[in-house]
Amino acid sequence: MARNLKIAAAQLGPLHKADSRAVAVKRLTNLLKEAHAMGAKFVVFPELAFTTFFPRWWMEDQQEVDRRYFEREMPSNETQPLFDLAKKLGIGFYIGYAELTPEGRRFNTAILVGPDGSITGKYRKVHLPGHAEHKPQAAFQHLEKKYFEVGDLGFRVWRYMDTITGMLICNDRRWPEAFRVLALQGAEIVALGFNTPSENLHYNEPPALRVHHHLIMAQSMAFQNATWLVETAKAGAEDGFRMFGHSLIVAPTGEIAAQSLSEEDEVICFNADIDLAANLKKTMFNFAAHRRPEHYKLIVERVGAEVTPANG
Ligand code: CDV
């Protein structure tokens with residue numbers, strides 16, 4: 001029996017500082033309805049999908065940050081309509097949000113919600129990019145290291161809608177290790193939401209090159225790990241700070257099956273044959289037959305690059 005799952009990436013255009021949770025939830029529910037009309041059964045929303053990408057702002061009043069941007073419960077009264085609609089439509093989804101735990105810990109989090117409305121899995125972002133200190137000279141900040149702790153749940157997969165699905169968040173897509181840990185657990189779908197500024201905070205880089213990196217990473221990670229990969233952007237100019245779109249659904253062959261065209265709210269959808277990866281998993285990327293972990297020790301032992309002496 002072929003296993004097919006109609007997957008959608010539900011891209012959000014900009015959410016500004018002044019946009020309320022209610023505005024965000026209304027737009028998310030509209031995207032969900034559009035995905036449903038396209039026949040989607042699993043919808044991937046962006047990273048930090050209920051608010052503007054707030055780590056671009058230096059803010060000192062943590063109580064205010066918590067109130068405006070963090071979720072103490074999921075779902076809450078404000079986010080419940082999205083869960084209710086998804087359950088009514090029988091759609092499962094991935095969504096990212098800023099999580100404030102009862103112990104006062106803060107994470108950049110994503111959840112996998114089943115078509116029955118229950119939360120199947122949670123992932124807390126491991127690779128936090130940017131910095132913790134204020135950079136007043138910079139055009140904008142990237143303060144994920146200030147606002148969030150490194151995720152403490154590891155890289156996991158879940159049996160989900162007759163597939164094996166894992167979650168990552170944004171910057172994780174630049175790290176092959178994250179994908180490989182999911183692939184070693186049999187991942188068939190990797191869902192990932194992102195917010196990626198079109199400008200490089202650190203040095204001058206053509207925006208087109210940043211999109212190029214995004215595309216080649218997605219294609220290579222999907223192929224090398226023989227998995228479907230869904231990457232969904234929050235895009236466009238949020239209060240004047242532009243982020244690129246290019247939400248993607250990539251097949252395990254490394255081919256882009258669907259890609260967004262705008263930097264606005266947009267749904268892309270593809271009927272994914274989950275078993276498309278079966279041949280790859282049995283041959284080229286048969287891990288059990290071909291991997292040589294005894295030669296990969298440095299990957300877990302060493303964090304930063306250290307140059308060994310010549311011929312050492
Ligand atoms: N939200 C992110 O993790 N953004 C990073 C930016 C800072 C480069 C990304 O990897 O896209």
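These values consider heavy atoms only, across backbone and side chains, with no hydrogens, waters or symmetry-generated copies. All ligand and atom numbering here is 1-based and tracks the order in the structure. From a predicted model like this one, the values you see are computed outputs, not experimental measurements.
- Only the side chain of Glu47 comes within 4.0 Å of ligand 1, counting heavy atoms alone; its backbone N, CA, C and O stay farther away.
- With Trp228 as reference, Leu276 is the one residue of Val250, Leu276, Val190, Thr165 to meet the side-chain contact (heavy atoms from CB on, under 4.5 Å) rule.
- The shortest heavy-atom distance from Lys125 to ligand 1 is under 4.0 Å.
- The closest heavy-atom contact to atom 5 (C) of ligand 1, among the options Gly96, Pro46, Cys170, Ala233, comes from Cys170.
- Of all protein heavy atoms, the one closest to atom 6 (C) of ligand 1 is His142 CE1, 3.9 Å.
- When only non-hydrogen protein atoms are considered, atom 11 (O) of ligand 1 lies nearest to Thr196 OG1, 2.6 Å.
- For the ligand labelled ligand 1, residue Pro129 lies inside the 4.0 Å heavy-atom shell.
- Between Asn195 and ligand 1, an N or O atom pair is found at a separation short of 3.5 Å.
- At a threshold of 4.5 Å between non-hydrogen side-chain atoms, the residues Gln11 and Lys234 do not count as touching.
- Residues Thr52 and Arg68 bring no donor and acceptor atom of their side chains to less than 3.5 Å of each other.
- The side chain of Phe53, and not its backbone, has at least one atom closer than 4.0 Å to an atom of ligand 1 (non-hydrogen atoms only; side chain from C-beta on).
- Taking a cutoff of 4.0 Å between a charged side-chain nitrogen and a carboxylate oxygen, Lys125 and Glu47 qualify as a salt bridge.
- Stacking of Lys146 on the aromatic ring of Trp58 is recorded, both the 6.0 Å distance cut-off and the 45° axial limit being met.
- At least one heavy atom of Arg173 sits closer than 4.0 Å to an atom of ligand 1.
- Annotation for ligand 1: atoms under 4.0 Å from non-hydrogen atoms of Glu144 are 1 (N), 2 (C), 3 (O).
- Ring centroid separation for the pair Phe140 and Trp57 does not come in under the 6.0 Å cut-off.
- Ring planes of Trp175 and His127: parallel class, angle under 30° (limits at 30 and 60°).
- With hydrogens and angles ignored, the 3.5 Å screen pairs no side-chain donor or acceptor of Thr227 with any backbone N or O of Leu229.
- Close contacts of ligand 1 with Arg174, meaning ligand atoms under 4.0 Å from a residue heavy atom, involve 8 (C), 9 (C), 10 (O), 11 (O).
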